[in-house]
**Student:** 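I'd like to ask some things about the structure below.
In what follows, every chain begins at residue 1, and chains take the letters A, B, ... in the order their sequences are listed.
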Amino acid sequence: MSPMQPVRGTKDFFGQDAEHFRHIVQLALSLGKCYGYLEVMTPIFESANVFLRTLGETSDVVSKEMYVFEDKGGDLMALRPEGTAGVVRAFLSNGLTQNLPQKLFYAGPMFRYERPQKGRMRQFHQIGAEVIGEASPFVDAEVIAFGHHLLRQLDIMDGVTLKLNTLGDAQSREGFRNALVAYFQSVEQKLSPESRLRLQKNPLRILDSKDEGDRELLKEAPRREAYLTPVAKEYFDGVCSSLAAIGILYEIDPFLVRGLDYYSHTAFEFVSSNLGAQSAVLAGGRYDGLIETMGGGATPAVGWAAGIERIMLLSSFVPKDVLDVAIIPISEDQMEAAFVMATHLRHADVSVGLEFQGNVSKRMKKAAKQNVHNVWLIGEEEIQTNHVTWKNMESGEQISLPFAEAMAKMQKFKEKKVFKE
RNA sequence: GCGGGUGUAGCUCAGUCGGUUAGAGCGCAAGAUUGUGGCUCUUGAGGUCGCCGGUUCGAUCCCGGUCACUCGCCCCA
């Protein structure tokens, strides 16, 4: 229809949407400060290696969803499909290993080549939090508490539940994985085609299959609990009791898994049924092995990411009225005076609407439409006496005031507005 | 990558069993109203009927392809 179309799976944000977006990021950022996080901004593209090595060669994110390109120097680059790997790379590149733990917060665009649908875009935006260099159940609980606090402040915890699970340490994971593979191989013929593929590529993924038949088979499958080492079990119990201690409700879901290879121990997801086929709004877990994989020393870490577009689907946002006052010249002769006056007010931090065209009636209509509560009318008489005619748009009342007085009153009005919020 | 649904005005949608100038509501613009607003009334602008091809005397309508949007599968925040 239109000659220029946006790239598939991308979206433009105007006005209210853009404000909504910014509101969420700002809330997360200031809350992050409250929890002691430092903001970090990393490039949106990295050497492809950063993701290839860390996410798991067989994960879909790497094998079919990554935007990879060769730059003019012949190096293989990738648009970041997620935040953690880049943050860890930055952590290592900048020698932050000397000062642990690091609590890092970020927000920005991510890119995945996927079929767009509700809550899923090719360019989407995430907020993320990572705590690198500390292994304590309290850290996991604190990270989750931050996410929980954010969702609560956004007023979207209604209808959102926290699902919790442990993937165990490397040893637990290995034992469980082997048992699971053995079991599913024995019933392979009954598995769905998708899950037969998963059995080859990523057997743990069968656990969260949506297929009815698979779910039936899962009832008889080995339980992860049985394969948890005492250390892994104790750690998970610690996370659960820490959450209970601060009154965060959760639901243990033994079938919860993580998509990316680097996760171990705690895994969690805040899920909602209002996101179409998607469910996770904020999800993460512990990834103790990742830093070592990327060439650093053995360093424990835990974090999460939240989809900003998904948060927007769940939350409502009412923008504030922007303009404090509209200045309306009665005729073109007062236009310059109105312009000068508007500038004075703006320098005093008062937001001013000024129309450049139309007669008084037109401009009044414009002001009304923009929900402006105050209008200053400037005519020949006002100019001569250095007054303004101040009209209250709600009551319809209007009074004449000397300009200086009107200016002072306007600033007071503004302050009052601020106090109210 | 696979499957379903939908593409007509800026937005939400009618409509033509294939026929000459394609409609409504909202929105937008002008006027009624030359120093005063949301209501009302009048008038107006705005469309390659997604795109390409086929069938036909004739296609916005039927058929094929394609693109886009949307929902789901896969996967994931």
**Student:** Examine the side chains of A:Tyr37 and A:Glu130 and answer whether a donor and an acceptor come within less than 3.5 Å of each other.
**Tutor:**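 Absent: no donor and acceptor within the cut-off.
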
**Student:** Give me the residues of residues 150-166 of chain A where at least one heavy atom lies under 4.0 Å from an atom of RNA chain B, by number, or none.
**Tutor:**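 Under 4.0 Å from RNA chain B: no residue of residues 150-166 of chain A.
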
**Student:** What is the nucleic acid contact for A:Glu381, judged by heavy atoms within less than 4.0 Å: base, sugar-phosphate only, or nothing?
**Tutor:**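 Here A:Glu381 touches the bases of the nucleic acid.
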
**Student:** Tell me what A:Lys362 touches on the nucleic acid: a base, only sugar-phosphate, or nothing, going by heavy atoms under 4.0 Å.
**Tutor:**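 The answer is sugar-phosphate, as A:Lys362 gets under 4.0 Å only of primed atoms, P, OP1 or OP2.
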
**Student:** How are the rings of A:Phe69 and A:Phe45 set to each other: parallel, tilted or perpendicular (split at 30° and 60°)?
**Tutor:**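 Tilted: the ring planes of A:Phe69 and A:Phe45 meet at 30° to 60°.
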
**Student:** Once you round it to whole Å, what is the distance between P of B:rC75 and CZ of A:Arg258?
**Tutor:**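 From A:Arg258 CZ to B:rC75 P: 14 Å.
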
**Student:** Say you pick atom P in B:rU12 and the same atom in B:rU66; how far apart are they, in whole Å?
**Tutor:**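 These two P atoms come out 27 Å apart once rounded.
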
**Student:** Could you please name the partner base of B:rG72, counting Watson-Crick and G-U wobble pairs only when both distances are under 3.5 Å?
**Tutor:**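 Because both required distances fall under 3.5 Å, B:rG72 counts as paired with B:rC2.
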
**Student:** Identify whether any heavy atom of A:Ile330 sits under 4.0 Å from a base atom; if not, whether one sits that close to sugar-phosphate; answer base, sugar-phosphate or nothing.
**Tutor:**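 Touches a base.
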
**Student:** In terms of the angle between their ring planes, are A:Trp376 and A:Phe403 parallel, tilted or perpendicular, with boundaries placed at 30° and 60°?
**Tutor:**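 Plane angle over 60°, so perpendicular.
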
**Student:** Could you tell me the separation between the CD atom of A:Glu114 and the P atom of B:rC75, rounded to a whole number of Å?
**Tutor:**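 Rounded to whole Å, this separation is 11 Å.
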
**Student:** Measure distances between side-chain N and O atoms of A:Arg115 and base N and O atoms of B:rG3, and say whether any donor-acceptor pair falls under 3.5 Å.
**Tutor:**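 Pair found.
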
**Student:** Quick one: look up who B:rG10 pairs with, Watson-Crick or G-U, both distances under 3.5 Å, and put none if it's unpaired.
**Tutor:**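 Checking every strand shown, B:rG10 finds its partner in B:rC26, with both distances under 3.5 Å.
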
**Student:** Please give, in whole Å, the distance from B:rA68 P to A:Arg122 CZ?
**Tutor:**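 Rounded to the whole Å, the gap is 8 Å.
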
**Student:** Rounding to a whole Å, what distance do you find between A:Glu355:CD and B:rC28:P?
**Tutor:**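 Atom-to-atom, A:Glu355 to B:rC28, this comes out as 13 Å.
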
**Student:** So A:Gly396, base contact, sugar-phosphate only, or nothing? Heavy-atom distance under 4.0 Å.
**Tutor:**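 Base, at least one base heavy atom under 4.0 Å.
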
**Student:** Could you tell me which nucleotide pairs with B:rC49 by Watson-Crick or G-U wobble geometry, both distances under 3.5 Å, or answer none if nothing does?
**Tutor:**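 Pairing partner: none.
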
**Student:** Answer yes if the ring centres of A:His23 and A:Phe317 are under 6.0 angstrom apart, and no otherwise.
**Tutor:**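 Yes.
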
**Student:** So for A:Glu382 and B:rG35, does any side-chain atom that can act as donor or acceptor lie under 3.5 Å from a complementary atom in the base?
**Tutor:**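 In this structure, the two groups form a donor-acceptor pair.
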
**Student:** Look at all strands and tell whether A:Asp208 reaches a base, only sugar-phosphate, or nothing, counting heavy atoms closer than 4.0 Å.
**Tutor:**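 Here A:Asp208 touches no strand at all.
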
**Student:** Starting at the 5' end of RNA chain B, which residue's closest nucleotide do you reach first, A:Met121 or A:Ala368?
**Tutor:**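 Mapping each residue to its closest nucleotide by heavy atoms, the 5'-most match is A:Ala368.
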
**Student:** Should B:rU56 form a Watson-Crick or G-U wobble pair with both distances under 3.5 Å, which nucleotide is its partner?
**Tutor:**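 None - no nucleotide pairs with B:rU56, as no candidate has both distances under 3.5 Å.
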
**Student:** Does any nucleotide pair with B:rA32 by Watson-Crick or G-U wobble geometry, both distances under 3.5 Å, and what is it?
**Tutor:**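 The answer is B:rU40, by the H-bond criterion.
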
**Student:** Check whether the side chain of A:Arg8 and the base of B:rC67 form a donor-acceptor pair under 3.5 Å.
**Tutor:**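 Checked by distance alone, the answer is no.
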
**Student:** Would you say a side-chain N or O of A:Gln117 is under 4.0 Å from OP1 or OP2 of B:rG72?
**Tutor:**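 For A:Gln117, the contact criterion (side-chain N or O under 4.0 Å from OP1 or OP2 of B:rG72) is met.
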
